[in-house]
Amino acid sequence: MPHESIQTLLNANEEWSQSIIKDSPTFFTQLAIGQSPKILWIGCSDSRVPESVITASKPGDIFVHRNIANQFHLNDDSALSVLTYAVKAVGVEHVVLVGHTNCGGAAACLQAAKDAAADKDASQPETPLTRWLGPLIGRIQSLDLSSVLPQLRHPNAKKVTVHGWVYDLARGRIDELVCREAKHDENSA
């Protein structure tokens, strides 16, 4: 017998799928055929920011990549493969980088930046989390899309727009901070 919290999820899924079938009998058969979302969401792993819920989206509407503090590293094969697949194979037209208020990952970066400023000789403990958050520590409190935009500039790329959003947990609202079009540039190929 599954743990109570797991059983709750399984029961909720059963109820949800039945309600979808009742409203739209062919929904899951159509969903199984393929996907063509126009949006790639690069967001935080935080359980309080479920992209489909906060945007009232359905399965198939958003292609998703989530990690701690919604970072995009140029040496992260997982993020790069998601971006490449989303643009080239899935056909997304918008890449949305979504941060949120009260982010534990961002708070850890801010604290690490403060600690480093206070004691220049101290080094951060070497853990998977500190390695992951390292690049963000250097640019805490700034929105830098420079690591994403070059990946979208290649000869076969179509027009893709990159958005920087922040989700305010206390208001339940998304605010757009920046929007940039990634165009193919002959010099960047």
Side-chain angles (χ1 to χ4, degrees), residues 3-13 15-17 19-20 35 37-74 76 78-80 82-83 86 90 92-118 124-125 127-149 151-152 160-182:
H3 188 272
E4 184 179 338
S5 59
I6 296 298
Q7 191 60 51
T8 299
L9 292 177
L10 294 172
N11 293 343
N13 171 256
E15 290 175 22
W16 171 78
S17 66
S19 71
I20 296 294
Q35 62 177 328
K38 300 302 175 203
I39 297 164
L40 166 60
W41 177 287
I42 300 175
C44 185
S45 298
D46 194 301
S47 63
R48 301 167 296 173
V49 191
E51 66 287 329
S52 294
V53 174
I54 67 172
T55 61
S57 298
K58 297 181 299 212
D61 288 349
I62 303 174
F63 199 71
V64 178
H65 180 73
R66 290 174 64 174
N67 60 52
I68 294 175
N70 69 298
Q71 293 194 72
F72 191 93
H73 297 199
L74 291 177
D76 179 1
S78 177
L80 287 171
V82 167
L83 179 64
V90 176
V92 302
E93 297 170 359
H94 300 273
V95 174
V96 183
L97 298 160
V98 186
H100 64 92
T101 58
N102 301 1
C103 178
C109 291
L110 182 57
Q111 188 59 51
K114 286 179 182 177
D115 292 348
Q124 294 295 316
T127 68
L129 182 61
T130 57
R131 284 193 303 274
W132 178 254
L133 295 176
L136 184 58
I137 292 169
R139 58 182 187 251
I140 191 74
Q141 297 179 321
S142 71
L143 182 61
D144 183 5
L145 301 179
S146 62
S147 64
V148 176
L149 290 171
Q151 303 306 311
L152 299 172
V160 175
T161 305
V162 179
H163 305 263
W165 291 358
V166 64
Y167 175 68
D168 187 324
L169 287 167
R171 292 178 25 238
R173 298 291 307 268
I174 297 171
D175 296 309
E176 184 160 63
L177 303 176
V178 67
C179 177
R180 295 185 187 155
E181 190 174 304

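Residues: numbered from 1 along the sequence shown.
- In this structure, F72 and N67 have side chains that are not in contact, with every pair of non-hydrogen atoms separated by 4.5 Å or more.
- Separation of atoms CG (L97) and NE2 (H65) is listed at 10.5 Å; rounding is to 0.5 Å.
- Taking both residues in full, the closest heavy atoms of A69 and C44 are given as N-SG, 3.5 Å, listed atom of the first, atom of the second, then distance.
- Minimum heavy-atom separation, L40 to A86: CD2-CB, 3.9 Å.
- Proximity of a side-chain donor or acceptor of R48 to a complementary backbone N or O of H100 within less than 3.5 Å is not detected.
- Taking every heavy atom of both residues into account, C179 and T161 meet most closely at SG-CG2, 3.4 Å.
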When you look at V92 and L83, which way does the side-chain contact (heavy atoms from CB on, under 4.5 Å) test go after all the steps?
-> CA-CA 9 Å; V92 302; L83 179 64; over 6 Å; no
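- Aromatic ring pairs are classed by plane angle as parallel below 30°, tilted from 30° to 60° and perpendicular above 60°; the pair W41 and W165 is perpendicular.
- Contact of the V178 side chain with the V162 side chain is not registered, since no non-hydrogen atoms from C-beta on lie closer than 4.5 Å.
- No side-chain heavy atom of S52 sits less than 4.5 Å from a side-chain heavy atom of D61.
- In the model, Q7 has a side-chain atom that pairs as donor or acceptor with a side-chain atom of N11 under 3.5 Å.
- Note: L9 CG to H3 NE2 = 11.0 Å, rounded to the nearest 0.5 Å.
- Looking only at side-chain heavy atoms (C-beta outward), I174 and T55 come within less than 4.5 Å of each other.
- From H163, atom NE2 reaches atom CD1 of I39 across 7.5 Å, with rounding to the nearest 0.5 Å.
- Counted within 6.0 Å of CZ on R173, heavy atoms from surrounding residues, nucleotides or ligands total 12 or fewer; the atom is thus considered open.
- Atom CD of E176 has more than 12 heavy atoms from other residues, nucleotides or ligands within 6.0 Å.
- A donor-acceptor pair under 3.5 Å links the side-chain atoms of R66 to the main chain of D46, judged by distance alone.
- The two residues T101 and V166 come nearest to each other via the heavy atoms N-CG2, 4.2 Å.
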Could you walk me through whether E51 and S57 pass the side-chain contact (heavy atoms from CB on, under 4.5 Å) check?
-> CA-CA 8 Å; E51 66 287 329; S57 298; over 6 Å; no
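- A distance of 10.0 Å separates CG in L10 from OG in S5, rounded to the nearest 0.5 Å.
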